[in-house]
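Notes for the one structure printed next.
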Amino acid sequence: MTLISASGRVWTMNLCEGEAEEQNLSGSFMLRIGLAMLQGARYEHAEALRGAAKELGISLEIVDLRRSDQVSRLDGVVLPGGESTAMKLASSSEMLYEALWSEIEQTDLPVLATCAGAILLCENNLLSASIDRNSYGRQIDSFQAPLQVDMEISVLDSLEATEHSRDEYGHKPLMVWHEAEPESEDFPGVFIRAPRFISFECKAVVFLKDETVGVLEKNRLALTFHPELTRDHRFHRWLLQRAGERR
Ligand code: GLN
């Protein structure tokens with residue numbers, strides 16, 4: 001499979017043989033992606049980023065973000081889902097978010113924001129959207145549903161089986177939805193005490209029937225669901241490709 005990005009960079013994937021390679025017109029490089037580690041589904045995002053990097057055949061460094069002095073020289077950033085109130089509290093001592101918001105604003109850093117991450121983007125005026133927290137109800141009202149995606153991200157027709165391993169702390173990423181193997185046109189949406197976009201002036205890109213559950217503005221992709229809990233890495237590939245185009 002060959003992907004050609006807007007900047008003309010060519011990504012070649014040869015996943016059938018279990019190998020992926022990239023032909024990068026400007027030479028090889030390693031992407032530095034920051035992952036906000038204050039609270040929430042962080043390890044699952046790390047695993048999804050590693051999977052997406054493998055699928056694109058690129059080298060990746062994941063920077064665990066906890067402090068304000070870590071946000072420079074990033075190629076992209078992931079804001080995980082979890083509990084936005086807890087995230088804000090956890091950020092207050094080391095001022096991570098304040099530094100991140102100004103970095104995103106000033107450099108147009110590519111962002112993948114999921115669920116609580118999308119709430120934080122909206123609250124900090126980094127997205128022309130307003131959002132309603134816990135809009136589908138309580139935890140017990142969480143649900144899964146197929147979503148329609150209107151973005152230029154290729155769908156992989158074969159996937160390597162991935163076995164998630166434990167990290168140094170014994171944490172094993174949680175997978176909620178295993179059924180998307182190989183990737184299908186519909187995206188497997190996992191909604192956990194999810195917010196809802198009430199109004200927005202950015203581009204609607206992911207849909208749950210008639211409802212918009214993903215929006216894109218500049219380099220910022222905000223999703224109200226949890227793509228990192230599935231084996232479909234297309235949104236993580238989008239982030240890596242956007243990040244790579246800016247090199
Ligand atoms: N309900 C959470 C909040 O308001 C978001 C839920 C999630 O990220 N899964 O912060």
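Atoms within a ligand are numbered from 1 in the order they appear, just like the ligands themselves.
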For T224 and V213, indicate whether the former's side chain and the latter's backbone hold a donor-acceptor pair under 3.5 Å. yes
In this structure, would I131 and F207 fall into the same cluster of hydrophobic residues linked by side-chain contacts under 4.5 Å? no
Can you pull the residues with any heavy atom under 4.0 Å from ligand 1? G81, G82, E83, S84, C115, A116, I119, R133, N134, I192, R193, H226
Which pairs count as salt bridge (Lys or Arg N to Asp or Glu O under 4.0 Å) when at least one residue sits in residues 78-88, sequence neighbours excluded? E83-R133, E83-R193, K88-E123
Identify, with sequence neighbours excluded, every residue that meets side chain to side chain contact (heavy atoms under 4.5 Å, CB included) alongside S128. E201, E217
Return the set of residues passing side chain to side chain contact (heavy atoms under 4.5 Å, CB included) with D64 (not counting sequence neighbours), or none when no residue passes. M37, I62, R66
So, D75 and R246, do they make that salt bridge, N to O below 4.0 Å? no
